[in-house]
Amino acid sequence: MRFVQEVLERAPDAHIALFSNEASPPYNRVQLSSLLAGNIHFDEVFTQLPGTKAHPNFSFTILAIQHIDTENRYIEGNDGRRFSYDKLVIATGARPHVPKIPGIDQSGVFTFRDLKDTEHLYARRIRSRRVVVVGGGLLGLEAAKAMIKLNTRVTLVQQGSGLMNRQLNERASLLLKKEVEALGIDVIANTGVREILGEGNRVNAVALRDKVRIECDTVLICAGIRPNLELARQARLKIGKGILVDDQLKTSAEHVYAIGECCEHRGATYGLVNPGFEQAAVAADVICGGHSRYQGSLEISRLKVLGQAVCSMGEVNERPGQPFQRDLHYHQKKLGIYRKILLHRGRIIGAVAYQEWQEGRRVQEAFQQQRKIWPWQQWLFLLTGQLWIGSSSSNPVTWPATATICQCNNVSQAKLMQAINTGCMNPNELSKTTGAGTVCGSCKPLLNLMLGKEDKPEKDKTWFSGAIASLFAILAIIAIAFIPGLQVADSVLNKTFFESIWNDKYWKQVTGFSLLALSVLGLLMSLRKRLSYKQLGQFTYWRLLHIVLGLLCSATLIFHTGFHLGTNLNRLLMINFLSIIAIGALAGVTVSIAHLLKPSLNRKIKNSLTWSHILVTWPLPILLGIHILTVYYF
Amino acid sequence: MKKILWCAWIILSLLLASYYLYTLLIKAEKDALLIGESTYGHYQIELSCESCHTEPFGGKEILQNACLNCHEEELKLAFDSHPKKKFTDPRNADLLKIVDARYCISCHTEHQKEQTLTMGLTIPKDYCFHCHQDIGEERPSHKDLAFDGCADAGCHNFHDNRALYETFLVENADQPWLKEIATMTVANHAKRTATPPEKYFPPSFIDNQPSAPEITEQWQLSKHAAAGVSCGFCHMNQASHDWEEKPGLKQCQTCHKKESEGFMAGKHGMQLTVAPAEQAAIAKISLEKSPLAFVPDVDKVAHSCNSCHEAHNFDRVTAAVTSCLNCHADQHSLAYENSPHGQLWTKAIDGEIPFKNAVSCASCHLPRTSTKEKGSTIVHVEHNQNMNLRPNEKMVRPVCMQCHGLAFAIDALADETLIKNNFDGKPKRHIPSIDWAKKRN
């Protein structure tokens with residue numbers, strides 16, 4: 001269905017015939033667990049069929065296709081009707097894998113795959129008191145969660161070592177298990193169902209391989225899926241685990257494409273929804289004459305049951321004993337964050353993350369492009385769970401120019417940056433100019449990030465006073481740096497007022513401690529940033545205060561030093577002070593005139609200036625402290 | 001991430017703080033904390049902070065004590081015209097509001113090289129104005145004189161006016177420019193006051209005594225031989241009784257106490273007053289900071305008695321001129337040989353006149369000074385070259401006036417060109433102080 005939408009979007013008049021063997025209009029399979037849990041209404045799972053007015057050449061037929069003739073290019077339904085095609089897209093999906101367990105045919109054993117299954121389960125749920133879910137994958141978890149709703153006891157039996165062992169390694173799945181158990185679902189791992197016991201064709205218990213018996217009235221089989229390959233096999237398409245397809249999703253036969261759970265791309269079959277969507281989009285683009293390429297998907301699954309993001313790519317489990325291989329773990333117990341990367345000769349061959357990982361997309365890029373992860377990055381990862389410095393590394397603006405942002409159309413970061421700099425202000429324009437995001441759309445969030453939130457910052461309330469104060473501060477700094485140190489008067493008769501301030505031992509202390517006080521007050525803004533009490537007043541006024549304090553500092557500095565830059569320690573302190581105020585004032589100007597700048601540019605300048613401002617402030621407390629100490633020490 | 005940043009910040013801060021605290025509290029060389037170059041008077045001990053900053057957090061009083069520690073004696077000898085007690089007098093309390101003259105550092109602030117005038121003065125030269133602005137009413141001769149000339153050569157000094165007070169000027173008026181040539185007194189300080197070391201020499205010392213005929217010969221011609229000071233007096237270590245190959249200041253001090261004291265108080269020996277721990281830092285100081293010109297590389301010469309006095313023969317003729325010119329290469333020094341004073345010295349070397357009537361560098365800069373001690377006159381050579389050097393009127397009474405009239409001496413010392421060519425000629429300037437003094441009396 002997604003494919004149909006994608007094609008019609010590109011070519012509204014295309015002749016498309018959609019065939020389905022299910023006795024219902026097209027629906028969104030992802031919603032089924034929500035439907036089962038009673039979170040959404042029955043009508044909401046159906047997807048809207050394309051309107052016949054806008055797309056007169058679209059037709060939908062409920063018909064099981066029995067035969068494909070790739071030579072003569074027609075398909076045949078089970079009623080004997082034949083339909084010829086230019087291009088054929090096979091999206092037959094998969095069916096649940098039902099293991100051969102004694103007693104599996106009894107009533108009370110369910111699968112959970114399509115709308116019909118859901119209807120049955122929905123009816124069953126009301127009477128069910130004890131449920132055994134077989135399988136600990138994403139579907140099993142979602143089903144288990146849905147079944148628990150009415151105070152039903154749910155036990156999850158998992159054959160593998162941990163939950164979602166296809167996506168997660170052991171440690172991540174242990175974390176998941178904890179959360180699942182917290183919901184009230186019993187998890188029994190590392191075992192399988194040996195037999196389903198029943199009385200009079202009615203399930204009453206399951207026997208596990210380790211001879212444990214679990215009383216139950218319902219068994220739900222979620223033990224994975226098997227691609228529906230009968231049609232393909234009959235049409236003599238090349239088949240592995242699924243129908244083999246290339247980067248353009250073409251099968252071994254001319255004009256035949258395969259997408260979704262039934263296809264196998266670069267040795268991978270996907271059971272999640274996002275890869276399917278991406279494939280649908282690429283196939284639609286190719287069929288409409290585009291040149292996009294499908295490069296594999298990042299398996300990011302958001303566990304709706306737990307609201308937890310889980311992300312994995314490449315190798316998931318450790319492969320002990322492999323040479324040149326390192327796996328790095330980062331585990332933040334308090335927040336339950338777990339991340340792991342698997343490196344081979346310093347390049348990522350796999351990664352797992354439990355909970356949100358801002359850098360996920362960049363890691364994927366590094367994984368696909370086989371970028372080198374430097375030892376210091378590995379250290380950073382071990383310490384902070386990040387591979388790149390700064391919270392902004394999730395923004396492609398900070399990525400290397402060669403990074404590929406749009407996988408489908410192979411658009412690099414540099415090309416996008418160029419487009420942004422030549423005036424593309426919104427994602428649509430950007431897509432139009434570069435082609436990025438026009439196929440599967442999975443990079444659209446990245447494009448949005450690159451453009452910034454793109455609402456122009458509003459004019460700050462204090463922008464004018466802020467800008468003026470900052471400019472004066474800059475002027476003061478330039479004056480101090482470039483005006484030579486004042487000479488003392490050559491006669492007692494023409495000693496100026498100014499000299500009696502800067503060259504007087506008493507007034508030097510007055511101005512010195514004023515500077516200290518102003519500096520401490522300046523830190524208050526930093527404090528305000530970290531406290532979010534509303535009654536503390538608006539931040540913009542605090543910032544204005546901070547800027548004015550900086551300006552006062554530079555003025556007091558003139559009175560303290562008389563434009564002299566000092567030597568040794570005092571020179572260092574002076575340089576430090578001047579750079580703090582200078583960078584701070586530049587940041588002040590940027591913030592104040594933010595509404596006049598391009599948002600992305602503004603943010604870039606502002607961030608780097610703010611950071612430099614904070615960075616150059618670090619030696620100040622020590623230098624100032626030692627300065628005051630030495631003045632009184634000697 | 002935040003934690004890491006904070007940790008890094010704390011670690012870096014601690015590193016920076018420990019570097020400076022280490023420099024402040026432990027390290028001998030504290031040049032990282034120096035707030036500015038020292039004056040030419042103190043640059044040699046610039047890195048020996050404890051010489052002046054004797055106690056941490058000392059404040060004014062401690063610094064004042066440090067100043068007096070070296071300069072008090074000098075001020076006393078000079079009958080300081082503006083002593084502290086003049087300002088502690090309550091009647092003068094209001095004057096202190098302008099300049100707190102009780103403390104040296106009010107006018108002589110250190111580490112302010114840019115502001116420093118001659119004599120280490122760090123306030124404008126016309127500071128006299130503050131208290132003496134109505135001088136014109138009292139002395140009509142001073143009416144309309146600019147205050148920046150008060151302390152010029154030949155008029156007044158803030159501290160030392162021994163050769164400039166009115167009575168003295170009147171008494172010594174009308175003297176000829178050249179009086180009878182004076183005769184140098186004989187220094188008797190060592191002979192009269194020294195306590196000779198014990199004359200007993202242990203066998204170990206005698207065994208180790210090397211025999212060098214040329215050294216013995218040199219010694220035999222020296223004053224030491226005449227005074228009966230044999231090898232052991234200098235070469236025996238007083239503590240261990242062992243042979244000491246190179247006797248130093250400590251050995252000389254046993255007999256030449258006053259000379260040593262003067263030497264260490266002056267610029268030639270001041271580095272030796274610094275604590276041994278700081279010697280290394282001091283050794284780095286170069287002559288570039290001195291306002292004088294020198295023969296290249298002489299700053300590598302060690303500062304000791306033997307730098308000028310050759311060992312064993314201790315020839316005073318060498319020490320009085322040759323040793324000086326080994327290092328000093330300013331105009332005044334280079335002009336000496338052809339100056340009238342230098343020609344007298346050449347004559348003495350040629351045997352035409354006795355040395356006691358000649359004028360060497362030492363005659364003026366390291367003059368023989370007599371003091372009365374227990375009723376007898378003790379004459380020693382003042383080895384503090386600075387004792388009568390700045391301001392140069394200090395030289396008038398003890399040195400110049402031995403041979404020259406007061407008026408001539410005052411005029412000559414006020415004439416920069418004459419000083420540079422080592423007094424080759426008559427002064428071009430005339431200082432009217434004697435005339436004014438005479439007129440008033």
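As the structure is a computational prediction, the values presented were derived from the model and not from experiment. Here is the naming used below: chain letters follow the sequence lines, and residue numbers restart at 1 for every chain.
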Residues in [range] that sit under 4.5 Å from chain B, counting heavy atoms only:
{"range": "residues 481-494 of chain A", "result": "A:V488, A:A489, A:D490, A:S491, A:V492, A:L493"}
{"range": "residues 506-522 of chain A", "result": "none"}
{"range": "residues 562-569 of chain A", "result": "A:H564, A:T567, A:N568, A:L569"}

Give, as side chain, backbone, both or neither, the part of [X] having an atom under 4.5 angstrom from any heavy atom of chain A.
{"X": "B:T23", "value": "neither"}
{"X": "B:D148", "value": "neither"}
{"X": "B:A32", "value": "backbone"}

Query - Over all atoms of both residues, closest heavy-atom pair of A:P621 and B:W9 - result: CG-CZ2, 4.3 Å
Report summary line: Under 4.5 Å to a heavy atom of chain B? For A:K505 that would be side chain
Query - Student check: side-chain heavy atoms of B:L25 and A:Y633 closer than 4.5 Å - result: yes
Query raised in the report: Do the side chains of B:Y20 and A:H627 get nearer than 4.5 Å, heavy atoms only?
Result: no
Query - Check against side chain to side chain contact (heavy atoms under 4.5 Å, CB included), B:L24 and A:F634 - result: CA-CA 10 Å; B:L24 180 62; A:F634 289 114; 3.8 Å; yes
Report task. Examine the side chains of A:N503 and B:Q115 and answer whether a donor and an acceptor come within less than 3.5 Å of each other. Result -> yes
Query raised in the report: Between B:L34, B:L33, B:L63, which shows the greatest number of heavy-atom pairs under 4.5 Å with chain A?
Result: B:L34
Query raised in the report: Which one, A:I626, A:I622, A:L572, A:N570, leads in non-hydrogen pairs under 4.5 Å with chain B?
Result: A:I622
Got a list of side-chain donor-acceptor pairs under 3.5 Å for residues 50-60 of chain B, not counting sequence neighbours?
{"from": "B:S51", "atom 1": "OG", "to": "B:S48", "atom 2": "O", "distance (Å)": "3.2"}
{"from": "B:S51", "atom 1": "OG", "to": "B:S48", "atom 2": "OG", "distance (Å)": "2.6"}

